[in-house]
Student: 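Dropping a structure here in structure tokens format, bear with me for questions.
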Amino acid sequence: MKISLWGGYFDIHKRMSSLLADLNPEQLEAITLPHQSALILAGAGSGKTRVLTTRIAYLIQSGQVSPHGILAVTFTNKAAREMLTRITAMLPINTRGMWVGTFHGLCNRMLRSHYQEAGLPQAFQILDTADQLAMIKRILKSSGVSDKEFPPRQVQWFINNAKEGGLRASQVETYDQFTRNMAEFYLAYEQRCYKEGVVDFPELLLRCYELLMRNEILCKHYCDRFSHILVDEFQDTNQLQYRWLKLLAGTGSSMCSAVFVVGDDDQSIYAFRGADTENMKHFEHDFNISHIIKLEQNYRSHGNILNAANTLIQNNSGRFGKNLWTSEGHGEALRVYNAATDFDEASFIVDEVKTLHAEGIELSQIALLYRSNAQSRVLEHSLFNASLPYRVYGGMRFFERQEIKHALAYLRLIANPDDDNALLRIINFPTRGIGPRSLEQLQDTAGQQGWSLSTAAANKYGGEAVSAEESAKTKKGVAGFVSLLQVMRQDCAELTLPEIVKHMLAHSGLIAHYQKEREGADRLENLNELINAATSFVHEAEDDSLIAFLSHASLEAGEHQAGTDQDALQLMTAHSAKGLEFHSVFLSGLEEGLFPHENSRDDDNGLEEERRLMYVAMTRARRRLYLSFAQSRMLHGQTRYNVRSRFLDEIPDNLMKWLQPVQKMDVSYFGSSAENQFAKPVRQTSDYGKRRTGFVNQKSQAGQWRVGQNVLHAKFGAGVIINCEGQGSDARVQVRFDRVGMKWLLLEFAKLTPV
DNA sequence: AAGATAACTGTTTTT
DNA sequence: CAGTTATCTT
């Protein structure tokens with residue numbers, strides 16, 4: 001007994017000291033702060049996540065708080081997951097009871113627990129941005145106003161802005177006809193959402209805020225419970241999120257919680273979507289922060305990179321101020337390349353990547369960053385031709401795919417019949433002969449009676465309940481749809497989540513529909529994947545109900561695409577790169593109008609945000625940083641002539657090394673990679689399927705090079721011709737090689753042997 | 001109800 | 001230029 005006690009005691013100490021080992025003084029100070037609110041200014045690569053997670057582990061390990069008393073909030077699901085994994089790795093105890101999640105996720109959680117007090121139906125559904133826009137379009141249409149006069153996107157922007165400012169439709173200040181109209185749409189939208197039992201993203205926050213605001217007892221309950229609130233990326237919070245935090249912390253009255261926020265004003269790059277850096281200054285004041293802890297030691301980059309970034313960011317005003325430093329050496333100079341064209345820039349990057357790769361740097365440790373997504377095209381083209389594997393981030397996500405949204409719409413209707421958005425999406429998909437006129441009738445009835453569409457449909461066409469699913473099929477049109485849903489709802493009552501999904505896929509006709517479609521294979525695969533998603537959800541989530549799964553689908557859109565296991569180059573915008581690091585970083589398109597972007601150039605705030613973005617991009621690099629710009633660039637079908645970015649001039653000369661453009665008229669270079677130089681792009685879009693752009697199938701040519709011919713290539717080995725194109729010296733063939741896949745080859749250069 | 005053509009529109013993004 | 005969306009055909 002005694003021994004085990006001592007053993008346990010010793011264990012805790014050992015664990016505690018290993019927890020706090022290798023921390024620098026500032027990190028240690030932040031982690032071991034007493035029960036008080038704190039503002040940690042954490043520079044890029046300064047171990048921010050480590051501080052946050054270790055702080056939590058420390059608080060629990062030292063017995064200051066139980067997991068039950070901790071609430072940690074992040075912006076992305078990825079960050080929340082990472083945090084939880086790291087905490088669990090540090091602690092021997094069960095972390096259940098701890099609330100770790102995104103603002104939206106946590107608000108959803110509270111609203112689910114107190115749906116009645118919040119005035120929501122139990123099965124309330126969450127609208128994503130696209131759903132919200134669809135809803136707004138519907139309202140504008142029924143109000144009879146033109147899309148031209150009131151663009152739906154603008155209305156959406158207005159509504160979300162108001163909500164993020166904490167304002168309801170009735171509270172919006174109307175000082176002219178325009179805002180009066182907007183407020184009117186907002187009100188109509190609010191009422192529709194209420195009727196249908198749906199909430200949009202900002203509504204989750206606002207509703208939760210109002211819930212705590214109005215219900216003192218409940219608010220007190222959470223205040224008392226969460227004695228420690230920790231916030232990641234605090235510089236990205238908007239007004240409403242800040243107010244929510246203050247409420248939860250119990251400021252006004254007793255100030256019961258300690259709020260520990262970590263952020264970096266220099267990395268605030270989301271002002272355009274409502275993030276308010278001022279929150280950091282408000283926090284300092286509202287929470288009586290006497291001293292800000294600055295984490296300035298950087299564990300990521302070499303000195304030259306940091307100094308360049310430091311000098312750049314010093315051009316911004318109103319900073320808290322901080323200078324990153326490293327105990328590692330200066331490292332290499334930044335490499336700058338002045339390209340003649342965007343194409344030239346891309347081939348320069350390709351050459352450098354090849355060299356780096358040859359030197360042993362993994363492709364996944366190299367990032368190509370750009371300001372806007374459109375810039376990836378030229379790069380992709382060159383990379384493809386060079387046969388370099390790459391991965392583009394920021395495409396369509398799993399739960400946003402058309403077929404998945406259709407499937408989810410069926411599930412949502414099973415859970416919540418009043419969801420008109422969902423109904424409209426699939427009432428005639430797969431087609432069941434419900435045209436615009438019957439839909440209009442239905443909407444009229446619903447409008448007159450104040451019913452939801454599915455109630456209207458049931459009352460109009462429903463009749464007695466149908467027992468066998470067969471009768472659902474025999475009925476036509478709306479009546480068929482009504483009994484289909486009825487039957488589905490009945491059947492699903494007894495099934496587990498994965499079974500519900502399977503059942504729905506089979507009986508909705510979605511599977512049959514996509515089996516018929518030519519390009520449907522990938523969609524079918526995705527629908528199958530939805531069953532898998534449901535299965536793993538049941539295994540992982542505490543609440544495995546359909547409603548919980550639907551929330552999950554809305555709040556976590558899923559990884560961008562199935563991650564290829566292959567070592568691949570990383571292509572992404574500077575925004576997406578935030579939080580990541582790479583051995584080498586290529587920062588391309590450093591031109592006035594592009595970076596800084598022309599839309600941000602005119603006002604100081606915009607320019608400073610662009611500069612922060614540049615700062616974020618630069619500090620992604622560990623060892624080597626390339627900066628490049630092109631004198632001319634193809635944009636929107638026009639060649640634009642740009643001057644180099646002012647940001648380049650803000651970096652000290654002695655930290656940069658200007659690379660000379662290499663003469664590329666070398667014959668051996670030209671000859672040896674001719675296949676690649678002239679190969680045609682096959683760009684795999686992030687959407688379903690393998691859509692090709694850039695060429696059309698041509699008739700096969702006469703002669704020995706024809707479709708179906710087996711060939712042998714010196715480098716690529718055996719393959720078969722699957723496409724022919726062009727005449728004379730332009731003649732090229734597309735070959736599917738056994739080993740290296742598809743390639744376009746110029747016949748003049750590629751030495752092909754017919755087999 | 002699917003397929004074809006015309007018109008439009010171009011930052012950054014998570015929930 | 002290229003990708004999406006609205007509109008017009010068959």
Side-chain angles (χ1 to χ4, degrees), chain A residues 73-80 101-108 126-133 137 147-148 151-153 160 163-164 199-205 233 236-238 240-241 268-275 342 369-378 380-381 393-397 399-400 402 428-436 513 516-518 551-558 560 572-579 589 593-601 606 609-610 612-614 616-617 633-640 681 683 685-687 691-694:
Chain A
V73 56
T74 63
F75 277 86
T76 66
N77 291 298
K78 196 178 156 203
T102 63
F103 279 100
H104 294 85
L106 296 174
C107 286
N108 178 54
I126 301 164
L127 301 182
D128 69 14
T129 315
D131 297 331
Q132 185 189 33
L133 193 63
K137 281 183 182 162
D147 279 16
K148 293 252 158 46
R153 288 194 173 282
N160 289 346
K163 288 192 181 188
E164 276 162 15
V199 299
D200 55 42
F201 287 131
E203 181 73 20
L204 282 170
L205 292 163
E233 304 276 20
D236 288 339
T237 50
N238 64 32
L240 185 55
Q241 286 159 339
S268 161
I269 55 174
Y270 288 113
F272 72 91
R273 64 173 196 213
D342 47 350
L369 307 184
Y370 33 80
R371 173 67 239 264
S372 61
N373 285 305
Q375 288 167 252
S376 77
R377 184 152 300 122
V378 196
E380 284 187 69
H381 182 100
Y393 286 77
M396 169 116 6
R397 295 147 107 230
F399 287 111
E400 285 166 5
Q402 188 208 94
N428 200 34
F429 191 97
T431 51
R432 39 177 78 86
I434 301 173
H513 176 267
K516 268 184 267 168
E517 219 179 61
R518 312 174 313 294
S551 289
H552 167 79
S554 304
L555 290 175
E556 180 155 7
H560 292 280
M572 66 189 84
T573 62
H575 281 92
S576 319
K578 188 173 168 199
L594 250 189
F595 202 169
H597 197 275
E598 53 196 345
N599 297 3
S600 314
R601 226 174 356 185
E609 175 142 321
E610 295 285 310
R612 291 192 292 268
L613 184 56
M614 177 82 181
V616 167
R633 175 180 300 276
M634 192 71 144
L635 202 69
H636 305 328
Q638 278 177 325
T639 307
R640 297 172 33 138
R683 180 167 182 263
T685 65
S686 50
D687 201 343
R691 244 188 283 146
R692 305 220 167 85
T693 58

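Bear in mind the structure is a predicted one, so any value in this text is a computation, not a measurement. Letters A, B, ... are given to chains in the order of the sequence lines, protein chains preceding strands, and every chain is numbered from 1.
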Student: Would you check if A/F75 stacks with the base of B/dT15, given a 5.5 Å centroid limit and a 30° plane limit, both strict?
Tutor: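 It does not: the ring fails the test against the base of B/dT15.
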
Student: Could you please name the option among B/dT15, C/dG3, B/dT12 that lies closest to any side-chain atom of A/R377?
Tutor: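 Ranking B/dT15, C/dG3, B/dT12 by closest atom to the A/R377 side chain puts C/dG3 first.
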
Student: Rounded to the nearest angstrom, tell me the gap between atom CZ in A/R633 and atom C1' in C/dC1.
Tutor: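 Atom CZ in A/R633 sits about 14 Å away from atom C1' in C/dC1.
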
Student: Atom OH of A/Y270 and atom C1' of B/dT15: how far apart are they, to the nearest Å?
Tutor: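 That distance rounds to 12 Å.
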
Student: Looking at A/S576, does any N or O in its side chain come under 4.0 Å of the phosphate oxygens OP1/OP2 on B/dT12?
Tutor: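 No, because none of the side-chain N or O atoms of A/S576 sits under 4.0 Å from OP1 or OP2 of B/dT12.
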
Student: For A/S554 and B/dT15, is the shortest distance between a side-chain N/O and OP1 or OP2 below 4.0 Å?
Tutor: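 No, because none of the side-chain N or O atoms of A/S554 sits under 4.0 Å from OP1 or OP2 of B/dT15.
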
Student: Specify the separation, in whole Å, of atom CE of A/M396 and atom P of C/dG3.
Tutor: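 Whole-Å distance recorded here is 13 Å.
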
Student: Record whether the side chain of A/S600 comes under 3.5 Å of the base of B/dT12 through a donor-acceptor pair of N or O atoms.
Tutor: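 Answer is no: no donor-acceptor pair is held.
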
Student: When the nearest nucleotide of DNA chain B is assigned to A/R371 and to A/I434 on a heavy-atom basis, which residue is associated with the more 5' position?
Tutor: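 On the 5' side of the pair lies A/I434.
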
Student: With a 4.0 Å limit, can you tell me whether A/N373 has a side-chain N or O closer than that to the phosphate oxygens OP1/OP2 of B/dT13?
Tutor: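 Checking A/N373 against B/dT13: at least one side-chain N or O falls below 4.0 Å of OP1 or OP2.
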
Student: A/T431 side chain: which of C/dA6, B/dA1, B/dT13 is closest?
Tutor: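 So the side chain of A/T431 is nearest to B/dA1.
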
Student: Could you pull out all residues at least two apart from A/T237 that satisfy side chain to side chain donor-acceptor pair (under 3.5 Å)?
Tutor: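 Once residues adjacent in sequence are excluded, the partners of A/T237 under the side chain to side chain donor-acceptor pair (under 3.5 Å) criterion are A/N279.
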
Student: Provide a list of protein-nucleic acid N or O atom pairs under 3.5 angstrom, restricted to nucleotides 6-10 of chain B.
Tutor:
from: B/dG10; atom 1: N3; to: A/H636; atom 2: ND1; distance (Å): 3.2

Student: Kindly say whether A/M634 contributes a backbone atom to a donor-acceptor pair with the side chain of A/D342 at under 3.5 angstrom?
Tutor: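 Flag set: sc A/D342 to bb A/M634 pair under 3.5 Å.
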
Student: Among the candidates C/dC1, B/dT11, B/dT13, find the nucleotide nearest to the side-chain atoms of A/E610.
Tutor: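 The answer is B/dT11, which lies nearest to the side chain.
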
Student: Would you say A/N599 places a side-chain N or O within less than 4.0 Å of OP1 or OP2 belonging to B/dT12?
Tutor: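 A/N599 to B/dT12 OP1/OP2: no side-chain N or O under 4.0 Å.
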
Student: Any side-chain N or O of A/R273 below 4.0 angstrom from OP1/OP2 of B/dT15?
Tutor: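 No.
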
Student: Whole-Å distance between B/dT15 P and A/D131 CG?
Tutor: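 The answer, rounded to whole Å, is 15 Å.
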
Student: With distance as the sole test, does A/E164 use its side chain to make a donor-acceptor pair with the main-chain N or O of A/N238 at under 3.5 Å?
Tutor: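 Judged by distance alone, no pair lies under 3.5 Å.
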
Student: State, yes or no, whether a side-chain contact exists between A/I126 and A/N108 at a heavy-atom distance under 4.5 Å.
Tutor: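 Yes, their side chains come closer than 4.5 Å.
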
Student: What is the distance from CZ of A/R153 to C1' of B/dT12, rounded to the nearest Å?
Tutor: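 In whole Å, B/dT12 C1' and A/R153 CZ are 14 Å from each other.
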
Student: Under a 4.0 Å N-O cut-off, is there an ion pair linking A/R377 with A/E380?
Tutor: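 Salt bridge absent between A/R377 and A/E380.
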
Student: Within this structure, what is the NE2-to-P distance between A/H597 and B/dT13, rounded to whole angstrom?
Tutor: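 After rounding, the reported distance stands at 12 Å.
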
Student: Test A/D236 against every option in A/K578, A/R612, A/R273 by the salt bridge (charged side-chain N to carboxylate O under 4.0 Å, His left out) rule and name the one that passes.
Tutor: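 By the salt bridge (charged side-chain N to carboxylate O under 4.0 Å, His left out) criterion, A/D236 pairs with just one of A/K578, A/R612, A/R273: A/K578.
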
Student: Pick the C1' atom in C/dA2 and in B/dT13, then give their distance to the nearest Å.
Tutor: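 That atom pair is separated by 22 Å.
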
Student: Looking only at the side chain of A/R397 (C-beta and beyond, no hydrogens), which of the listed nucleotides C/dA2, B/dT15, B/dT12 gets closest?
Tutor: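 Nearest to the side chain of A/R397 among the choices is B/dT15.
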
Student: Which nucleotide, C/dA6, B/dT12, B/dT15, lies nearest any side-chain atom of A/H575?
Tutor: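 The nucleotide sitting nearest to the side chain is B/dT12.
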
Student: I'd like to know whether A/Y393 forms a ring pair (Phe, Tyr, Trp, His ring centres under 6.0 Å) with A/H575, so could you lay out the CA-CA distance, the side-chain angles of the two residues, the decisive distance to 0.1 Å, and finally the verdict.
Tutor: CA-CA 11 Å; A/Y393 286 77; A/H575 281 92; over 10 Å; no

Student: Starting from P on B/dT13, measure out to CG on A/D128 and report it in whole angstrom.
Tutor: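 Rounding to the nearest Å, CG of A/D128 and P of B/dT13 are 17 Å apart.
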
Student: Taking atom CZ of A/R153 as the centre, report whether more than 12 heavy atoms of other residues, nucleotides or ligands fall under 6.0 Å from it.
Tutor: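 Not buried by this count: 12 neighbours or fewer within 6.0 Å.
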
Student: Can you tell me the distance, in whole Å, between the CG atom of A/L635 and the P atom of C/dG3?
Tutor: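 Nearest whole value for this atom pair: 14 Å.
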
Student: Between A/T573 and A/H513, name the one whose nearest nucleotide on DNA chain B is closer to the 5' end.
Tutor: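 The 5'-side residue here is A/H513.
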
